[in-house]
Number of protein chains: 2
Amino acid sequence: MPRTKQFDKQEVLEKAMELFWEKGFHATSMQDLVTHLGINRASLYDTFGGKEALFESAFQLYRQTSTKHIQQLFKSEQNVRQGFKVLFEKAIEESLNDPCKKGCFVVNTTTELIPGDVKIQRILLENKNNAETLFADYVQKGIANGQIDSAKDAKEIGLMLFTLFNGIRVLAKVDSNPSKLKKVVNLGLSVLA
Amino acid sequence: MPRTKQFDKQEVLEKAMELFWEKGFHATSMQDLVTHLGINRASLYDTFGGKEALFESAFQLYRQTSTKHIQQLFKSEQNVRQGFKVLFEKAIEESLNDPCKKGCFVVNTTTELIPGDVKIQRILLENKNNAETLFADYVQKGIANGQIDSAKDAKEIGLMLFTLFNGIRVLAKVDSNPSKLKKVVNLGLSVLA
DNA sequence: TTTGTATTGGAATGATTGTTCCAAATAAAA
DNA sequence: TTTTATTTGGAACAATCATTCCAATACAAA
């Protein structure tokens, strides 16, 4: 006697992610969401709880997706310097190709909701620590297989590259000039040499 | 017969700057401003026009102030590497000491109001170009006086350091661990050596 | 003191905010 | 077809939003 779901929760969540990503938490209204998600207002509350809960779910989806992409890239690309280069240049081109200039959802959320939202702040801290480790482990992999000088500090370099990555995500919103930013990437990656 | 101003426009603007800086444009209400600025609602509209105009004035004040600080630092510090180091570490300690974790008003505004606000976008692009030039000229100064290898590209290095600077402003909001970030600074400044 | 302006408190505006509720419609299982 | 659960449109809610207006007050120049 139970019915099957009429709409795909994941699809709806992806649309919510796009909206929050583009406009941020405060500038996105429930009316915006109801208009664009394709489901009813009541269903929205039934399924996701409310605006805050929906935002957190959408944000979590973004983090999972982008983390997975980076993990796959780092796993498939054996040349560590090349792996970072692809990651950075992908971010630059993503910003160039996106007419919305949404930038990075994590960076946007960091600057919009800190201070004020302690729950999000905890998530962001955890996310930063994960990314930091991900970067550092990849550098360590390069050291282990002899691509990178073993005298280098993997954690230090990992955090430095992650910092540069965040800076690129900010600047690409203002001026997505690919050639200039790609030179920045090359210069930044010189810490690996 | 004309009267003298009862309140200091500059003081009021500074308080508005603090509020917008901490909470952003959308999360700051006119009621917030009326409550904290110390002047009447009607006077606020008379003097500054409205929320958007007030934000732009407050934002302009921030840009002027911080640009002036950087210019002074670069002018007084003859050792270029040391100048950048002081600038970066000052930003880190500023974030550490600020319980509000307001971060950088320019970075916050970039990620909040792009896309959407074309007027602000133009201001931000101009600001980025100015900062880029400021950084590059300082690097060039180091090349001119022999502190930095003349084979280096001042513009490239300037933009790279500015990018790293923006990244630090983002990460310092999430986790203002001074020692780790200072290592990042040292590593980033190795592009000058 | 008179005059003219700056500033005030507070009400009022209309629009939008997030959220809740409900009867009607819909659709898949029994 | 009947049953049961999902989804819908739309109204209603109280709260807040940015903005405007006005009569009363405060204050400095004439």
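From a predicted model like this one, the values you see are computed outputs, not experimental measurements. Lettering follows sequence order; numbering is per chain, from 1.
Residues B:F25 and B:F59 place their aromatic rings such that the two centres sit no closer than 6.0 Å. Ring to ring, A:F48 and A:F20 are not that close: their centroids are 6.0 angstrom or more apart.
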Quiz item: What would the secondary structure line of DNA chain C be in dot-bracket form, counting Watson-Crick and G-U wobble pairs under 3.5 Å, with [ ] for pairs that cross earlier ones and | for pairs with another strand?
Solution: ||||||||||||..|||.||||||||||||
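Here the P atom of nucleotide D:dT8 and the CG atom of A:L44 are 10 Å apart, to the nearest Å. Spacing between atom CG of B:N40 and atom P of D:dA26 amounts to 14 Å, rounded to whole angstrom units. Atoms CG (B:L33) and P (D:dC17) sit 11 Å apart, rounded to a whole Å. What separates CG of B:L37 from C1' of C:dT8 is a distance of 15 Å, to the nearest Å. Between the CG atom of A:D32 and the C1' atom of C:dT17 there is a distance of 11 Å, rounded to whole Å. Whole-Å rounding puts the B:I39 CD1 to C:dG9 C1' distance at 14 Å.
Under a 4.0 Å N-O distance rule, the pair B:E94/B:R169 qualifies as a salt bridge. Comment: B:E132 does not engage B:K155 in a salt bridge, judged by the lack of any side-chain N to carboxylate O separation of less than 4.0 angstrom.
With rounding to the nearest 0.5 Å, the separation of CG in B:L134 from CZ in B:F162 is 9.5 Å.
Below the 3.5 angstrom threshold, one finds a donor paired with an acceptor across the side chain of B:R41 and the base of D:dT19.
The environment of CD in B:Q82 is crowded: more than 12 heavy-atom neighbours from other residues, nucleotides or ligands sit within 6.0 Å.
Where B:K51 and B:A42 each meet DNA chain D at their nearest nucleotide, the meeting point lying more 5' is that of B:K51. Heavy-atom nearest nucleotides on DNA chain C were determined for A:G49 and for B:D46, and the one closer to the 5' end corresponds to B:D46.
Listed in residue order, the members of residues 19-29 of chain A having a heavy atom less than 4.0 Å from DNA chain C are A:T28, A:S29.
Nearest to the side-chain atoms of B:Y45 among the listed nucleotides C:dT8, C:dT17, D:dA18 stands D:dA18.
Partners of A:K90 under the side-chain hydrogen bond (donor to acceptor under 3.5 Å, both in side chains) rule, at least two apart in sequence or in another chain, do not exist in this structure.
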